[in-house]
Amino acid sequence: MPIHITFPDGAVKSFDAPPTALDIALGISPGLAKQAVVAKVDGELWDLSRPIEHDARLELVKRNAPEALEVIRHDAAHVLGQAVQELFSGTQITFGPATENGFYYDFARAEPFTEADLAKIEARMHDIVQRDLPLEREVWSHAQAVDYFSAHGETFKAEWIRDGIAPDAELTVYRQGEWLDLCRGPHLPSTGRIGTAFKLTKVGGAYWRGDANNAQLQRIYGVAFADDKALNNYLHMLEEAERRDHRKLGPQLDLFHLQEEAVGSVFWHPHGYTLYREIENYIRRRLQKAGYVEVKTPMLVDRVLWERSGHWAKYRENMFTAESEERTLAVKPMNCPCHVQIFKQGIKSYRDLPLRMAEFGACHRNEPSGSLHGLMRVRGFTQDDAHIFCLPSQIGPETVAFCDLLLSVYRDFGFSDVHVKFSDRPEVRAGDDATWDRAEGALRDAIEQTGLAYTMNPGEGAFYGPKLEFVLRDAIGRDWQCGTLQVDFVLPERLDAEYVAEDGSRQRPVMLHRAVLGSLERFIGILIEQHSGAFPAWLSPVQVVVATIVSDADDYAREAVEALRAAGLRAEADTRNEKINYKIREHSLMKVPVIAVVGRNEAEQHTVTLRRLGQKDQQTLALADAAAALATEARPPA
RNA sequence: GCCGGGAUAGCUCAGUCGGUAGAGCGACUGAUUCGUAAUCAGUAGGUCGGAGGUUCGAUUCCUCUUCCCGGCACCA
């Protein structure tokens, strides 16, 4: 019985025996066969070397297609597995998937892998690729697989099959030379097709099946691409990320430092704190325009309030506490219970709603030591937090208004690529299912009203309500979660917040927890990396340095600084007895956006010669004109 | 928190197969007054992360500990 293969262009070919996609490609052109990585048979990814036994639509996937890249990476993981087992006998394999930029494989081995091992392993991988071993698909029974892996000392693999896969399931195994792994596939026809564009990048720990209670494995990471050019681009991106690292730039630019005696907390230096305040003031202006009121609430609050709110039960481990005269006080990890206390002062009417209560709330959370990371993950931080107390009917319009505000703020900071994630009920939560149905429904309606696209993030909501998470993409393509909006029916109930409705009855308000930047510390970390420390003028800690060429110009330099400051600029004089080259270099390295050079000529003519960061050309202007022009440039967004 | 690696001058780093350390930059002092990314010379600066142990002697070897880095887990 002939088999009919339909091509994307509608052409049909028939074959007497089940053909492989590779046969078919070869029949069309050897070039195509070389380019093809996998096939799509009736839309399903399929090995090129797997016979097609029924009539089907066939599409050949070429090397540079996204699906192809995943297959290449997955194959590289298999080759990594083989290389490690060839070199280090007694090492067990576990899982080895493709990742966003490459692949990893988790191994069980008593001895740690070293950086030197990595080089050896990588060399062996190239060797296995050169051997060009065919990757052969085999269908095994459950029992056969358990027996095989048990007999070969692969206890993790055997356990996984026994506990994780139904006993009647058919399993597939991919064999390459002497080595094989349980795998769904698909794979390349042979290891040679992986090419040379891969590299092992790091070793690290990982837990068996992602659970911290399980055995600790060793994960070897690699990156892999379709060709060397793509690999090199990626490696350059990594270098670029390293160059921008805020942990290096922060102290270098004299913005902040961290030290052992205050782990996870930031010492802001004058320049860093200037940046911090500039951001805070900008947000304050935006909030004021958007109808928020600002408050400040206590840092130390009796545990009884946290017990009532539910935080004590769920987050006690991560809260810092202090003792005082028989009381246990907790350093606030969040601001919401405190805001409810302000809400509850006096009687609120439905006419008072929505009430938008903002705070630059200084919070402390005892984060696990291993999670701390520069400014990105700290124990003491300040949120641009607010709680909107509103009627259920106001959730929609408030969400729309908030999203507008958030996107506009992000744009002002130079981020325009933002996406939204919707996180629904977590396993451990407060409030009954009906309340969650209501909250999730309300938030879904609200996000629909904004017209923004979003993706689901199941089970990642806060314990008191579902949330939207706003993720921005930075200049080198990394994603950062900053903003959030959470719908909460639980805390108003627990903390007994109420308002008087139109009919005189007492009702619970809804609380929307929301933040735009999230944590100021973290956001500044992101900004430093976004701009590699060269901030836009309005954020620059020092906006202009007036640098003298000769000491005769010192007095004039001071006069110029005064004029610039009077125009609202953050200006400094550099009258040190150094050559102008030296000063230019130093302030350029400190990423000052404008250097105003003054020598005898400028002093006589009352002008300044401006030089912009990274540019060579000069511009001589009257001092007053320069001050006015620079002040305009450095004006913060409204 | 867990696995692995690391910590030497303000910074970047070298070094000591166990005999208490060195460079460049920076700082300081002096000279130089110079036109757009490093002027020259001199001087000072280190309980070699902390505690304990082995040793005649430890920055070096061992144990514990703190912090940092990579990874995982966690992230209200």
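In what follows, chains are A, B, ... by sequence order, proteins preceding strands, each numbered from 1. A quick note: this is a predicted structure, and the numbers were derived from the prediction, not measured.
- Within the 4.0 Å cut-off from OP1 or OP2 of B/rG35, not a single side-chain nitrogen or oxygen of A/Arg600 is found.
- Taking atom C1' in both B/rU20 and B/rG24, one finds a spacing of 24 Å when rounded to whole Å.
- Taking only side-chain atoms of A/Met334, from C-beta outward, the nucleotide of B/rG71, B/rA76, B/rA27 with the closest atom is B/rA76.
- A/His269 and A/Asp254 share a side-chain donor-acceptor pair at under 3.5 Å.
- Across the P atoms, B/rC56 and B/rG18 are found 16 Å apart, a figure rounded to whole Å.
- At the phosphate of B/rC75, neither OP1 nor OP2 sits under 4.0 Å from any side-chain N or O atom of A/Arg379.
- Among the nucleotides B/rA37, B/rC2, B/rU39, the one closest to the side chain of A/Tyr207 is B/rC2.
- Comparing B/rU36 with B/rG42, their C1' atoms are spaced 29 Å from each other, to the whole Å.
- Of the residues near RNA chain B, A/Gly614 and A/Asp245, the one whose nearest nucleotide (by heavy atom distance) lies more toward the 5' end is A/Gly614.
- Between the side chains of A/Thr297 and A/Lys332, at least one donor N or O sits under 3.5 Å from an acceptor N or O.
- Distance check on atom C1': B/rG26 versus B/rA44 gives 13 Å, rounded to whole Å.
- OP1 and OP2 of B/rC75 both lie 4.0 Å or more from every side-chain N or O belonging to A/Tyr315.
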Discussion item. With ring pair (Phe, Tyr, Trp, His ring centres under 6.0 Å) as the criterion, how do A/Phe103 and A/Tyr105 come out once you've worked through the C-alpha distance, each side chain's angles and the decisive distance to 0.1 Å?
Written reply: CA-CA 7 Å; A/Phe103 57 93; A/Tyr105 212 115; 9.2 Å; no

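- Contact annotation: the side chain of A/Val546 approaches that of A/Val598 to within less than 4.5 Å [non-hydrogen atoms, C-beta and beyond].
- Residue A/Lys202 has a polar side-chain atom (N or O) positioned under 4.0 Å from OP1 or OP2 of B/rG71.
- Residue A/Asn581 places none of its side-chain N or O atoms closer than 4.0 Å to OP1 or OP2 of B/rU36.
- You'll find that the side chain of A/Thr609 is closest to B/rU36, out of B/rU39, B/rG71, B/rU36.
- Contact check for A/Gln92 versus A/Phe107: no side-chain heavy atoms found under the 4.5 Å cut-off.
- Close to B/rU39, at under 4.0 Å from its OP1 or OP2, lies no side-chain N or O of A/Arg576.
- Comparing the same atom, P, in B/rU65 and in B/rU12 gives a spacing of 27 Å after rounding to whole Å.
- The gap from the P atom of B/rG45 to that of B/rA37 amounts to 36 Å, rounded to the nearest Å.
- Pair check for B/rC2 finds B/rG71; Watson-Crick or G-U wobble, both atom distances under 3.5 Å.
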